[in-house]
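Worksheet: the structure to be examined is printed underneath.
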2 protein chains.
Amino acid sequence: MAARRDELTREATRLFAERGFHGTSMDALAQALGVQKGSLYSLIGSKQELLYVTMRSGATAFHAALDAVPERAPAAERVRVALRGHLRVVSEQLDVATVFTREWRYLEGAHRDEIVAERRRYEDRWRALLREGVESGDLRTDLDVGAATLLVLSAANWAYTWLEPGRDTDELADRFTAILVDGIRGYATRA
Amino acid sequence: MAARRDELTREATRLFAERGFHGTSMDALAQALGVQKGSLYSLIGSKQELLYVTMRSGATAFHAALDAVPERAPAAERVRVALRGHLRVVSEQLDVATVFTREWRYLEGAHRDEIVAERRRYEDRWRALLREGVESGDLRTDLDVGAATLLVLSAANWAYTWLEPGRDTDELADRFTAILVDGIRGYATRA
DNA sequence: TCCCTCCTACCGAACGGTCGTTAGCATCGA
DNA sequence: TCGATGCTAACGACCGTTCGGTAGGAGGGA
């Protein structure tokens with residue numbers, strides 16, 4: 001049941017991703033559903049609520065991807081799996097990922113606080129993953145964990161701007177991991 | 001002369017960065033200047049034009065930063081200088097950088113085409129920089145230049161979200177460069 | 001010095017249109 | 001019969017933009 005409501009939230013996510021939250025009117029949304037804009041309010045309480053349900057499904061998807069990272073494994077392997085998971089979410093739910101990383105600032109009130117906290121928690125989990133790698137000796141002891149976290153999260157958060165839906169993201173994640181783990185320096189110039 | 005107009009574009013950039021283009025009304029802009037909204041139109045032709053001048057100064061700033069990268073120098077050093085330049089622009093002109101990377105899609109018509117081309121050219125210049133590093137032997141011959149470019153541009157483009165204005169970005173750029181060049185792998189686990 | 005013209009900046013009011021939202025009523029399948 | 005879904009019409013607020021008018025100063029010619 002509530003199939004029509006799902007249709008609405010899906011269409012809303014798509015338009016929010018394409019034109020932005022403020023750039024999408026309830027009227028445009030209604031037209032996409034083939035319906036009068038007043039009719040939308042028998043399916044949803046407000047435009048804000050529409051944004052919120054998108055954000056919630058984004059938060060759920062990204063955290064679920066991190067849940068699949070094995071507790072006991074070499075750090076490089078854990079990074080690889082985490083990056084694979086993140087990029088897979090982005091490519092399989094590109095609109096959700098786009099809205100989640102770009103439009104969260106237009107949430108208001110308690111919903112906003114909640115989503116901001118979820119985003120922060122996601123970053124903290126990544127930071128912990130890298131810190132544990134240093135502590136276990138898998139990663140270099142002089143690694144700047146803060147900078148490394150920033151770097152990998154940048155790659156993850158920027159992916160929605162260039163990732164084509166349906167692309168093989170596992171291989172891509174592995175390439176990123178390879179660069180992160182071993183660096184770009186030429187063999188000949190290694191000190 | 002035209003001092004008042006500069007004041008307007010500066011305030012517009014600030015508000016576009018804070019609330020987004022569609023989230024900023026001409027009325028809010030006028031209030032920030034202490035003026036009636038109709039009065040803005042003796043200083044600027046349209047809201048679109050206001051967005052465009054911000055985008056232009058962003059494009060100019062980022063390209064100028066890349067111009068300062070030495071032609072003949074080890075690739076790692078060139079990456080370091082380029083990254084320093086980019087992050088310096090972001091921190092010194094945070095609002096401009098924010099609008100440039102986040103609000104460009106709301107430009108319309110020919111202005112949009114122009115700015116999109118500038119953004120693409122900037123990315124191409126980065127890609128060339130890394131490719132030349134491989135060709136000169138400074139960077140590993142098996143480096144995936146596309147993935148490496150994506151990685152470094154992600155870090156650059158995401159910086160506006162976390163960089164605090166006035167922070168020492170040179171040191172930060174060097175830390176990023178160090179990770180990119182040598183990787184995160186622990187010495188003990190090096191193959 | 002005076003006058004006239006031009007320019008910049010702003011005013012207050014209004015334009016037609018769109019915004020998100022609400023109310024009351026109709027339809028229809030379960 | 002009842003809940004889900006949709007309609008039409010309207011609400012007040014706000015949108016970006018245009019308008020005619022005006023204050024004040026700069027510049028130039030007589």
Between [atom2] on [N] and [atom1] on [X], what's the gap in Å once rounded to a whole number?
X        : N       : atom1 : atom2 : value
Glu49(A) : dG20(C) : CD    : P     : 15 Å
Leu40(A) : dC7(D)  : CG    : C1'   : 12 Å
Arg5(A)  : dG3(D)  : CZ    : P     : 18 Å
Arg19(A) : dC19(C) : CZ    : P     : 10 Å
Asp27(B) : dC19(C) : CG    : P     : 18 Å
Leu33(A) : dA4(D)  : CG    : C1'   : 15 Å
Gln31(A) : dC19(C) : CD    : C1'   : 14 Å
Gln48(B) : dT17(D) : CD    : C1'   : 14 Å

Q.
Less than 6.0 angstrom from the centroid, inside 45 degrees of the normal: does Arg119(A) satisfy that with respect to the ring of Phe100(A)?
A.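 Judged by the rule, Arg119(A) and Phe100(A) form a cation-pi pair.
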
Nucleotide of [options] approaching [X] most closely (side-chain heavy atoms):
X        : options                   : result
Ser46(A) : dC15(D), dT17(D), dT21(C) : dT21(C)
Leu43(B) : dG20(C), dC10(C), dT18(D) : dC10(C)
Tyr41(A) : dC7(D), dT17(D), dT22(C)  : dT22(C)

Taking 4.0 Å as the cut-off, does a side-chain nitrogen or oxygen of [X] come that near to OP1 or OP2 on [N]?
X        : N       : value
Arg4(B)  : dC10(C) : yes
Gln36(B) : dG12(C) : yes
Ser39(A) : dC7(D)  : yes

(Q) By nearest heavy atom, map Gly45(A) and Ala28(A) onto DNA chain C; which one lands nearer the 5' end? (A)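 It is Ala28(A), whose closest nucleotide lies nearer the 5' terminus.
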
Q: Tell me which of Ser42(A) and Lys37(A) sits closer to the 5' end of DNA chain D, going by the nucleotide each one is nearest to.
A: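 The answer here is Ser42(A).
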
Looking at [Y] and [X], is any side-chain nitrogen of the basic one under 4.0 Å from a carboxylate oxygen of the acidic one?
X         : Y         : result
Arg127(A) : Asp124(A) : yes
Glu77(A)  : Arg80(A)  : yes
Asp67(A)  : Arg125(A) : yes

Q: Under 4.0 Å between any heavy atoms, over every strand shown, what does Ser25(A) touch: base, sugar-phosphate, or nothing? Just pick one.
A: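 Sugar-phosphate, no base atom in range.
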
Q | From CZ (Arg14(B)) to CG (Leu94(B)), nearest 0.5 Å | A |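 It is 12.5 Å, given to the nearest 0.5 Å.
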
